[in-house]
Amino acid sequence: MATPPREGSAVVVGEKGCSLSSAAVYSVSRGLSKLFIDPVALKKLCQQKNQPSKPVSNTAVVQGCILTVEESRATLAVLLNKFVISEFPVRPVIPLLIQKTLVLAAGFETIDFGSSQAFLASLCRLNEERCHEIGVTEEEIAVLENSYASSIAVCALLDCCASALVRVSDAVAALSSEAARVDVSLFDLPVSDIGLTIKDESDVAASMKAFLYGSKLAGKLDSEPFAEIPEVHGTLREAVRVLHGRTRVELNTSVKSKKVVGSGIHGKESAFAASALRLAIAIQYMSEASYGRAELVVASVVGEELRSKVGEVFQKECHCIAALKNDVDSIKRASFNYVPLLHQVYDLLVKFREILAWEAALALFAIEVDESVEKAAVVPLESSKSEKKSEKKKKTTLGKGTSIVRQLLKERLSLEADASLENVMNLVRVAHYLAGAFDPKDSELDTLIGNLKEIVESNGGRRLPKILKGSRDFGKEQMAIRERAFSVIVGVFKKHGAVALDTPAFELRETLMGKYGEDSKLIYDLADQGGELCSLRYDLTVPFARYLAMNNINALKRYQIAKVYRRDNPSKGRYREFYQCDFDIAGQYELMEPDFEVVRVLTELLNELSIGDYEIKLNHRKLLDGMLEICGIPSEKFRTVCSSIDKLDKQTFEYVKKELVEDKGLTSEIAERIGDFVKKRGPPLEILSELTSEGSQFLGNSEAVVALDELKILFTALDKSKCLNRVVFDLSLARGLDYYTGVIFEAVFKGTTQVGSIAAGGRYDNLVGMFSGKAVPAVGVSLGIERVFTIMEQLEKDRNQVIRATETQVLVAILGKGLALAAELVSELWDAKIKAEFGLTKRVMNHITRAKQTGIPWMVIVGESELQDGVVKLKSIETYKEEVFQRDKIVEELQRRLGIN
């Protein structure tokens, strides 16, 4: 959370490279910070080249909108920023008047935000200015009326306050867990790495375990209010994140339209209301869960009489829970009067803060009066990091994190003379003070949150780490499958005479940009370290073209297996880092000669990997362009229309049609004509015959005729090569990348494992020329190996086959601790090219278990008796048969049995 600037600090709007935050708006609203216009921005306002239109003396007045003092100050801050970042020519007079108003000590509750004229009149009245002399221009009316400043301002206040409670609520829940003796295993949840809601829940669970690490108070209690902490707190995190993202954008987005929208339902405010409603529901869940935990904490207070008194005070004083559900229902039924609706959500948040403070107060009290809990002094965070292991640490029954939380809250309460935890009647004051401490207005809240974050991070070293979304680790069994697959792939590539090539994982950004169409947004940019703008490679094809151009190479048949990176949304089978296996042929050849070989290579790869049934969808870019020209689409729209057509493998035509009409500007009739064409798919020679038959519209298009002639040659060659049965001629295949110029194809797995496309490629005759100006035609295929691995792993599971992670052939089992003996014997095996491991233990069953678990077929056993007789035992793990051989004959015998010359 970005904490509010502290009292006496300044918030500057319009400063280059800076943006207005929710925390800054909150700070201004509470009078903690003064708001100023950046001098450079102010000078720019005063030097507008385009003069604003003539001031308007009157505007339509709508129903008045009077806000609270804090909301008014926040709205003024948002409006000032909107004026400063405005794309319209506005005068400095109104921004300066707003800045001057914010300095005033009172009167904010009288400002009318109902219309631009009423607003200006309010400001002039407060500052004793003449309203008719200032006036308001059309551009300024647009900023005032279309900025939705009040809604944005209240959302900023909501964002700041709710963000503060995210980490605080976790800490309080952990403290309650200690007081109620909760079973810590409730928080043993799997960590998700796919970016869904479960990630928030897993992160909450991880934070709880960090706070409770080392606790001796953990019991068996697993009641619902504690068991649901990950889900409920995760819901709050998600709602706050959504609201924060929208608020951050809207705070710093300039007004785009001069047209005054007027009253009614507005898209931005509707979106804000939806985000706020989501937050309100999350707050309701949080409040009910917090109250439920507080009740269980009361039930855990030691001593029946004391427990009864605490319960009475809690029930009597913490009464806001009763009205909370009605408040949420009222918000759900609210009309489209957005500012009051947002204000209701803000009030709801304040009530939740009070309930959370009561939970914290009760947990502190329950721990304080429990004499079985050791109240050991807590070592400060800073010194705990430098503690030496030799120093004797004091034991504490609280978790390491919750001990510090207790200390921090007690230190905060020690500043209040009447907030002692030793008296039941003080509970009301303690809860009141803690509610204030959880308010961003409190100058110590940012310190508290920083300490809580440090607790989680410092104890995080004791938690299981996790990897980034869209990436993954590969264990020994998975690596065995990968190595086997890579061996098959490289074998196929080399069989066709390809040479290996490797290129850097990152390229100059200018090398990659403009090559991938709409997918360019998925390129990972790197921070500028030395004056060069770099990006991680998106694929292996563009770096290959760059290599050819840079080295003036006119012909090359190459393969490359390497990782590529895409800033995509992770999902099953879709990663941000993954391997590609590329095979490309560059140079001048007979027509369709390399195209045939590349498609043939693809069929060999998929056949030899034994993944099951698949099909290769194939089309031609020139045929596609001819089809679009026949449909009446201008050439400048070909690529953007192709990107929509390319979605037909995942979306219905109705969805694509809607995108073509609404987003790409095509008429419904043209979209329907496209639909008639792209529905054609089937056996290559049949579809080709249909497209070349008399009366076909394609025969009247020169580009389409060229494509059809090339496809005839290709299909004939593939037919003779006995692999045409794997190909489907599909006119909906578009391939969104900009650099394709001829044949395009895509392999799709047809088995039960849903992974989508597993390989793709095509001809790109102009890509090398984009770098060198010299045309070097090329065609290639890229195998999406990660998805192939997913299929292979699933097949192994379905067959119930044990995957061997090693290729070890022999285990040398020494029945004792004789390392020298093991070193001598196993070295002889290694020198004889036998794959071997060794083990030292007296327990023969340990050796056998190891061999079974790792799939080692043979064991050479040497114990005391074998050593005295100069022999060894050779044991087959499969048959359990043992044979005795002379020590000097065992290597020769193993070579014979393993077929090693």
Neighbour count >12 (heavy atoms, 6.0 Å) for atom OH, Y285: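 12 or below, so no.
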Greater than 12 external heavy atoms within 6.0 Å of K351's NZ: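 Correct, the count exceeds 12.
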Heavy-atom pair with the smallest gap, counting every atom of [X] and [Y]:
X: S122; Y: T110; value: OG-O, 3.9 Å
X: L20; Y: V78; value: CD2-CA, 4.5 Å
X: S22; Y: C160; value: O-CB, 4.1 Å
X: M208; Y: S177; value: CE-OG, 3.8 Å
X: G135; Y: I94; value: O-CD1, 4.4 Å
X: L236; Y: S169; value: CD2-OG, 4.3 Å

Pairwise side-chain contact, [X] with [Y], heavy-atom cut-off 4.5 Å (strictly under):
X: V172; Y: S290; result: no
X: F83; Y: S147; result: no
X: L76; Y: L123; result: yes
X: Q284; Y: E288; result: yes
X: F113; Y: L144; result: no
X: R30; Y: P440; result: no
X: C124; Y: L97; result: yes
X: L398; Y: Q407; result: no

Side-chain H-bond candidate by donor/acceptor type, Y26 with D439, under 3.5 Å: yes
Side-chain ion pair, E129 and K100, N-O less than 4.0 Å: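 Yes, charged N to carboxylate O under 4.0 Å.
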Lys/Arg-Asp/Glu bridge criterion (N-O < 4.0 Å) met for R237, D170: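 Counted as a salt bridge, because a side-chain N and a carboxylate O are separated by less than 4.0 Å.
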Pairwise distance [atom1]([X]) to [atom2]([Y]) - rounded to 0.5 angstrom:
X: S21; Y: H244; atom1: OG; atom2: NE2; result: 8.5 Å
X: I111; Y: R125; atom1: CD1; atom2: CZ; result: 8.5 Å
X: L448; Y: K453; atom1: CG; atom2: NZ; result: 13.5 Å
X: Y433; Y: N426; atom1: OH; atom2: CG; result: 9.0 Å
X: L452; Y: I404; atom1: CG; atom2: CD1; result: 9.5 Å
X: D347; Y: L342; atom1: CG; atom2: CG; result: 11.0 Å

Short question: side chain of [X], backbone of [Y] - any donor-acceptor pair under 3.5 Å?
X: D159; Y: C155; result: no
X: E145; Y: S116; result: yes
X: E238; Y: D200; result: no
X: S300; Y: V297; result: yes
X: N81; Y: L251; result: yes
X: R73; Y: L102; result: yes
X: S27; Y: A23; result: no

Pairing residues for F108 by the ring-ring contact (aromatic ring centres under 6.0 Å, His included) criterion, not counting sequence neighbours: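 Residues passing ring-ring contact (aromatic ring centres under 6.0 Å, His included) with F108: none at all.
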Intermediate values then yes/no, side chain to side chain contact (heavy atoms under 4.5 Å, CB included), L67 and V154: CA-CA 10 Å; L67 308 175; V154 180; 5.7 Å; no
Intermediate values then yes/no, salt bridge (Lys or Arg N to Asp or Glu O under 4.0 Å), E178 and R406: CA-CA 11 Å; E178 294 274 33; R406 170 181 166 271; over 6 Å; no
Step-by-step side chain to side chain contact (heavy atoms under 4.5 Å, CB included) determination, V12 to C18: CA-CA 9 Å; V12 181; C18 296; over 6 Å; no
Residue of the set E139, E140, E138 for which salt bridge (charged side-chain N to carboxylate O under 4.0 Å, His left out) holds with R91: E140
Verdict with supporting geometry, L341 and Y346, side chain to side chain contact (heavy atoms under 4.5 Å, CB included): CA-CA 9 Å; L341 183 149; Y346 183 79; over 6 Å; no
Test side chain to side chain contact (heavy atoms under 4.5 Å, CB included) applied to C161 and R353, step by step: CA-CA 9 Å; C161 294; R353 192 161 60 206; 4.1 Å; yes
Member of V313, V430, V310 meeting the side-chain contact (heavy atoms from CB on, under 4.5 Å) criterion with F365: V310
